[in-house]
K.L.:
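Quick one: the structure is below, and I'll ask about it shortly.
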Amino acid sequence: MRILVANDDGIYSPGILALARAAARYGDVRIMAPDVEQSSMGHAITHSRPLSVKRTPIDGFDAYRVNGTPADCVALGLELWEGVEVVLSGINLGYNLGNSMWHSGTLAAAKQAALLGNRGIAFSTPTRGGEPDFERLAPYVQEVLDLLLPETSLDLVNVNLPPEPTRLCWARQSVRHYDGRVVAGEDPSGRKHFWVTVKPVEEVEEGTDRWAVRQGFVALTPLRLDLTDGDALKQARARNPLTEASSRASSTREA
Ligand code: MN
């Protein structure tokens with residue numbers, strides 16, 4: 001099995017090496033990752049300048065650094081290496097829970113794989129001020145891969161590992177609370193500036209990814225690319241039957 005490994009923390013992050021080592025038990029691994037950190041870049045792609053791919057072997061792994069985004073790396077990786085069966089992204093230094101999935105470059109790399117008809121699995125873990133204990137996480141990453149790699153019907157899964165995992169848990173995305181905030185400050189010259197940062201989310205709903213990691217569970221959240229709100233669409237159609245009106249209009253025209 002050919003496994004492409006990407007991330008958003010950059011090719012020299014310890015997290016990507018931990019993931020590549022875990023993946024190597026299951027097949028041939030190639031690393032394709034941003035040359036510098038691209039965290040919180042979301043699903044950006046580079047379209048106004050060319051990209052370069054430079055070989056950077058890492059700890060015996062066939063690895064390439066790209067002057068682009070996480071999504072660029074996956075698009076390039078799948079273009080340049082035929083027969084990839086799954087793309088793994090991470091292990092990100094920091095959780096990607098709930099609404100932070102909208103900003104996550106780690107998840108975007110996995111999403112890019114799914115967009116291109118491949119499969120993507122994103123892995124994230126908190127840092128708690130220091131480097132995560134990847135040796136402690138390794139058996140759980142392996143358990144996740146044992147479970148998910150044969151599950152070919154799941155083409156996009158977001159995985160969050162707490163620092164001291166106990167077991168695996170299916171979880172839905174928590175969306176009730178958003179942790180993004182802007183904090184104002186002053187630079188040494190007294191000029192006002194702002195930091196876009198996060199605030200801790202205290203409340204958690206049972207069954208969500210946030211709740212799961214708080215219980216010490218590895219949260220596995222299957223995702224889909226279709227963002228359509230089915231209920232809202234149905235209600236909007238009932239209130240304003242635009243489609244019916246326009247299809248009647250066009251059939252009238254055709255007649
Ligand atoms: Mn990151």
Side-chain angles (χ1 to χ4, degrees), residues 3-23 29 31-46 51 56 58-59 61 63-77 87-115 120-134 136-138 140-141 144 156-163 165 173-174 178-183 195-201 209-210 213 218-221 223:
I3 302 169
L4 181 69
V5 176
N7 76 350
D8 77 353
D9 291 333
I11 194 154
Y12 304 112
S13 167
I16 201 167
L17 186 55
L19 187 54
R21 284 179 180 147
V29 171
I31 297 173
M32 184 87 66
D35 56 0
V36 294
E37 185 174 349
Q38 297 280 326
S39 290
S40 296
M41 288 294 284
H43 208 128
I45 52 167
T46 302
L51 294 169
T56 308
I58 291 176
D59 199 40
F61 286 102
Y64 300 83
R65 65 184 194 270
V66 177
N67 59 338
T69 65
D72 289 333
C73 293
V74 171
L76 278 169
V87 175
L88 307 181
S89 179
I91 299 170
N92 189 61
L93 304 185
Y95 278 136
N96 279 302
L97 298 163
N99 282 316
S100 69
M101 288 190 207
W102 291 99
H103 306 300
S104 170
T106 306
L107 179 58
K111 273 192 290 171
Q112 184 64 32
L115 279 176
I121 307 171
F123 293 82
S124 305
T125 196
T127 57
R128 298 200 297 186
E131 196 171 299
D133 184 350
F134 290 114
R136 181 171 204 145
L137 299 179
Y140 295 93
V141 174
V144 169
L156 183 59
V157 182
N158 189 36
V159 179
N160 282 278
L161 300 112
Q173 180 190 13
S174 59
Y178 177 58
D179 62 359
R181 70 185 301 200
V182 174
V183 175
W195 283 99
V196 176
T197 184
V198 295
K199 63 172 189 285
V201 172
D209 49 7
R210 265 184 215 288
V213 295
V218 178
L220 288 79
T221 306
L223 301 172

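We count ligands from 1, going down the list as the structure has it; atoms in each ligand are counted the same way.
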K.L.:
Let me see the working for D133 and R128 under salt bridge (charged side-chain N to carboxylate O under 4.0 Å, His left out), right down to the final yes or no.
P.N.:
CA-CA 10 Å; D133 184 350; R128 298 200 297 186; over 6 Å; no
K.L.:
Go through the side-chain N and O atoms of N160 and T125 and say whether any donor and acceptor fall under 3.5 Å apart.
P.N.:
no
K.L.:
Checking N7 against S89: is there a side-chain donor and acceptor pair closer than 3.5 Å?
P.N.:
no
K.L.:
Between I121 and A110, which heavy-atom pair has the shortest distance, and what is it?
P.N.:
N-CB, 3.8 Å
K.L.:
Against S124, only a single residue in N92, L107, V159 fulfils side-chain contact (heavy atoms from CB on, under 4.5 Å); can you say which?
P.N.:
N92
K.L.:
Go through the side-chain N and O atoms of D209 and T221 and say whether any donor and acceptor fall under 3.5 Å apart.
P.N.:
no
K.L.:
Could you pull out the N/O/S protein atoms under 2.8 Å of the Mn ion (ligand 1), ignoring any water?
P.N.:
D8 OD1, D9 OD1, S39 OG, N92 OD1
